[in-house]
Amino acid sequence: MTAPPPTITLTDIRKTFGTLNVLKGISLTAHEGEVISIIGASGSGKSTLLRCIPLLEVPDSGTIAIGGEVVRMKTRAGHPVPADTAQVNRLRASFGFVFQNFNLWAHMTVLQNIIEAPVHVQRRPRAEAVAEAEALLEKVGLADKRGAYPAQLSGGQQQRVAIARALAMRPRALLFDEPTSALDPELVGEVLRVIAGLASEGRTMLIVTHEMAFAADVSTRAIFLHDGQIEEQGPPAQVFNTPQSDRTRAFIARHLNRHST
Amino acid sequence: MDTTFLLDTLGQLLSGLPLTLELAGISITAGMVLATALALLRTGPRPGAWFVRGYVYVLRGTPLLLQIFLIYYGLGQFDWVRHSLLWPFLRQPYWCAILALTLNTAAYGSEIIRGGLQAVPAGAVEAGRAAGMSRRLLYRRIVLPLALRQALPAYSNEMISMIKATSLASIVTMMELSGIAYAIISETYRALEVFLCAGAIYLTLTFLLSRAVAFAEAWLNPHLRAGTP
C-alpha cells in the first residue's frame with residue numbers, strides 16, 4: 001500500500017508583482033483532512049499564496065501539484081503561463097474558493113449562485129444540483145433564502161451562501177481567503193461557526209485569517225508567513241502558545257492584545 | 001380645427017408605421033448584436049480594439065444622413081459591389097437604410113456596452129474563474145448578463161434615437177412615417193397639421209419603447225429592487 005498523494009503540494013513558489021517580491025520560495029504540502037491556517041501580517045503574502053493554488057495567481061516559478069497531478073506550465077513572452085487551460089479549469093473546479101468579499105453573482109438568486117458551476121462547469125444534472133444546493137443551504141442555516149438575491153442579504157449571510165457555493169463543487173479542499181475580514185464584527189461569529197463545523201467534518205481546508213483564536217481552535221496546523229517566507233509552522237498549540245521564532249511571538253502578542261481589548 | 005383632415009392624415013401616416021417599426025426593429029436588434037461584438041473586440045487585445053476605435057470614430061463623427069447616402073448612392077459605383085452576392089440587397093433602398101442605421105447604432109451602442117463591460121465587478125469574474133469556468137462560459141453566464149443589465153438604461157436612449165433616425169430613410173425613397181408626411185404636405189401644403197400628427201405618432205412610439213425598457217429593466221434586475229435582508 002502506498003499513501004495517497006497529498007491534496008496540495010507547492011514547491012518553491014515564487015511570485016513578484018512588479019518590483020514587489022511577494023513570495024520568496026514557499027513549499028507547502030497539505031494532506032487530506034488537514035485544516036491549515038495561514039497567518040501573518042498584511043503584505044506577508046498569505047493571500048497570494050492561497051490564490052496560487054487554483055492558479056488565480058500564476059507563480060513566477062515553482063511547481064504546483066494537485067492530488068499528485070502537476071500543473072503544466074509554459075513560457076509566453078517571458079512570463080510563465082499555464083500550458084493547458086483545460087487542465088487549469090478542471091483543477092479549479094475541484095476546489096471551493098471563498099473570497100474575502102464573497103463575490104456572489106449579483107444577477108442570480110442564492111440558489112442559482114450555488115448550482116451555477118455544478119450545472120455549467122461540472123455538467124451535473126440540474127435536479128441533482130438543486131437538491132444538493134438545498135441541503136447545503138440548510139447546512140449553512142439559510143434554507144429560507146434560496147430565492148433571495150445577494151443584495152438582499154447581510155454580509156454574513158452572503159458569505160455563508162458563498163461557502164455553500166464552494167461546497168457545491170464537492171471540492172477536494174476548501175480555500176478561504178480572509179473569509180471574515182469584510183464583515184461587521186457582529187456578523188463574524190455566524191461565519192466562523194459554519195467554517196468550524198466544516199473543519200470538524202474532516203474536510204481539507206486552508207484558511208487565511210486574522211482571527212487568531214479561531215485559527216488556534218479549528219486548525220490542525222498553523223503556518224506563520226513573514227515577508228514572503230514561512231517563518232514558522234507547526235501544531236496550533238505550538239505556534240500560538242509557545243512560538244519558537246521571535247517574529248512569530250511578536251506577531252501573536254500584537255494580535256492577541258488587539259483582539260482582547 | 002379641421003378634424004376630418006387630421007383624422008385622414010393620421011390614417012395615412014399610420015400606414016407608414018409598419019415600415020418605421022421594421023426599420024427601427026431590425027436595425028436596433030442587429031445593431032445591438034453588432035454592438036456587443038464590437039464592445040468585446042474593443043475591450044480585447046490591440047488590433048481588434050484599434051479597429052473598433054476607428055470604426056466608432058468614423059461612424060459617430062459623421063452624419064447618419066451622409067452614411068445613408070454613401071451606402072445607397074455610393075456603393076453602387078463599385079463594380080465589385082454590383083457583381084457581389086449582396087447586390088440584390090444593396091440595390092434596394094430598404095436594405096441600404098437598414099444597413100446604415102445598423103452600422104450607425106452599433107457604433108454608439110458599442111460604447112454603451114463597453115461601459116457596461118467595464119462596470120462588471122472584478123470579484124464576479126474572479127469567482128467564475130475560481131469555479132473553473134472557461135473564458136467563453138464566463139462571458140456567457142457572468143460577464144455579458146451583468147454588462148448588458150448595466151448598459152440597458154443608457155441603451156434605451158440609443159433605441160429612442162433610432163426610432164427617430166428612421167425618418168432619415170425617407171431621403172432614399174422609403175415611405176415610412178416621415179416619407180408619407182412629406183408626400184401629404186407636398187399635396188396639401190398643410191405642414192403644421194401633418195407634422196404635428198407625425199410628431200404625435202413618434203412621441204407615442206418613443207413613450208411605449210421607454211416604458212417597455214423600464215419593464216425589462218425591472219424584470220432583469222430583481223436584485224436591485226428593495227428587499228428585506
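So you know, we letter chains A, B, ... as the sequences are listed, proteins then strands, and number each from 1.
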| Side-chain donor-acceptor contact under 3.5 Å, B/Ser178 with B/Ser170 | no
| message | Between A/Glu69 and A/Arg90, does any side-chain N to carboxylate O distance fall below 4.0 Å? | response | yes
| query | If you measure from CG on B/Leu101 to CD1 on B/Ile28, what distance do you get to the nearest 0.5 Å? | reply | 9.0 Å
| note | Expected contact set for residues 124-139 of chain B against chain A at heavy-atom separation under 4.5 Å reads B/Ala124, B/Glu126, B/Ala127, B/Gly128, B/Arg129, B/Ala130, B/Ala131, B/Gly132, B/Met133, B/Ser134, B/Leu137
| Closest approach of B/Ser210 to B/Phe207 (non-hydrogen atoms, all atoms of both residues) | OG-O, 2.9 Å
| query | Given a strict heavy-atom distance threshold of 4.5 Å, which part of A/Gln122 is in contact with chain B: side chain, backbone, both, or neither? | reply | neither
| field | Distance (rounded to the nearest 0.5 Å) between B/Phe78 CZ and B/His83 NE2 | value | 14.5 Å
| Closest approach of A/Ala166 to A/Phe97 (non-hydrogen atoms, all atoms of both residues) | CB-N, 4.0 Å
| query | Which atoms of A/Ala106 come close to chain B, meaning under 4.5 Å heavy atom to heavy atom: side chain ones, backbone ones, both, or neither? | reply | both
| request: Might you work through the side-chain contact (heavy atoms from CB on, under 4.5 Å) test for A/Leu55 and A/Ile64, ending with a clear yes or no? | output: CA-CA 9 Å; A/Leu55 276 295; A/Ile64 300 167; 3.9 Å; yes
| message | Working note: B/Arg60 + B/Glu111, criterion side-chain contact (heavy atoms from CB on, under 4.5 Å); need CA distance, chi angles, decisive distance, verdict. | response | CA-CA 10 Å; B/Arg60 211 167 53 170; B/Glu111 285 295 284; 3.5 Å; yes
| field | Identified side chain to side chain contact (heavy atoms under 4.5 Å, CB included) counterpart of A/Lys46 within the set A/Val22, A/Val208, A/Ile39 | value | A/Val208
Could you tabulate the donor-acceptor pairs under 3.5 Å formed by side-chain atoms of residues 180-190 of chain A, not counting sequence neighbours?
| from | atom 1 | to | atom 2 | distance (Å) |
| --- | --- | --- | --- | --- |
| A/Ser181 | OG | A/Glu178 | OE1 | 2.8 |
| A/Glu190 | OE2 | A/Arg160 | NE | 3.0 |
| A/Glu190 | OE2 | A/Arg160 | NH2 | 2.7 |

| In residues 40-48 of chain B, which residues are in contact with chain A at a heavy-atom separation under 4.5 Å? | none
| message | Within residues 142-151 of chain B, which residues come under 4.5 Å of chain A, heavy atom to heavy atom? | response | B/Ile142, B/Pro145, B/Leu146, B/Arg149
| Atom group of A/Leu91 that falls short of 4.5 Å from chain B, counting heavy atoms | neither
| message | Quick test of your reading of the model: are A/Arg14 and A/Asp60 salt-bridged, counting only N-O distances below 4.0 Å? | response | no
| task | Return the minimal non-hydrogen interatomic distance between A/Gly147 and A/Thr109, and the atom names on each side. | result | O-CG2, 3.6 Å
| field | Spacing of CG belonging to A/Asn101 relative to CD belonging to A/Gln159, to within rounding of 0.5 Å | value | 8.5 Å
| note | With chain B, the option among A/Arg51, A/His120, A/Gln100 that has the most non-hydrogen atom pairs under 4.5 Å is A/His120
| query | Taking 4.0 angstrom as the limit, do A/Arg124 and A/Glu132 come out as a salt bridge? | reply | yes
| request: List the steps and the verdict of side-chain contact (heavy atoms from CB on, under 4.5 Å) for A/Leu174 and A/Leu198. | output: CA-CA 9 Å; A/Leu174 286 164; A/Leu198 296 171; 3.9 Å; yes
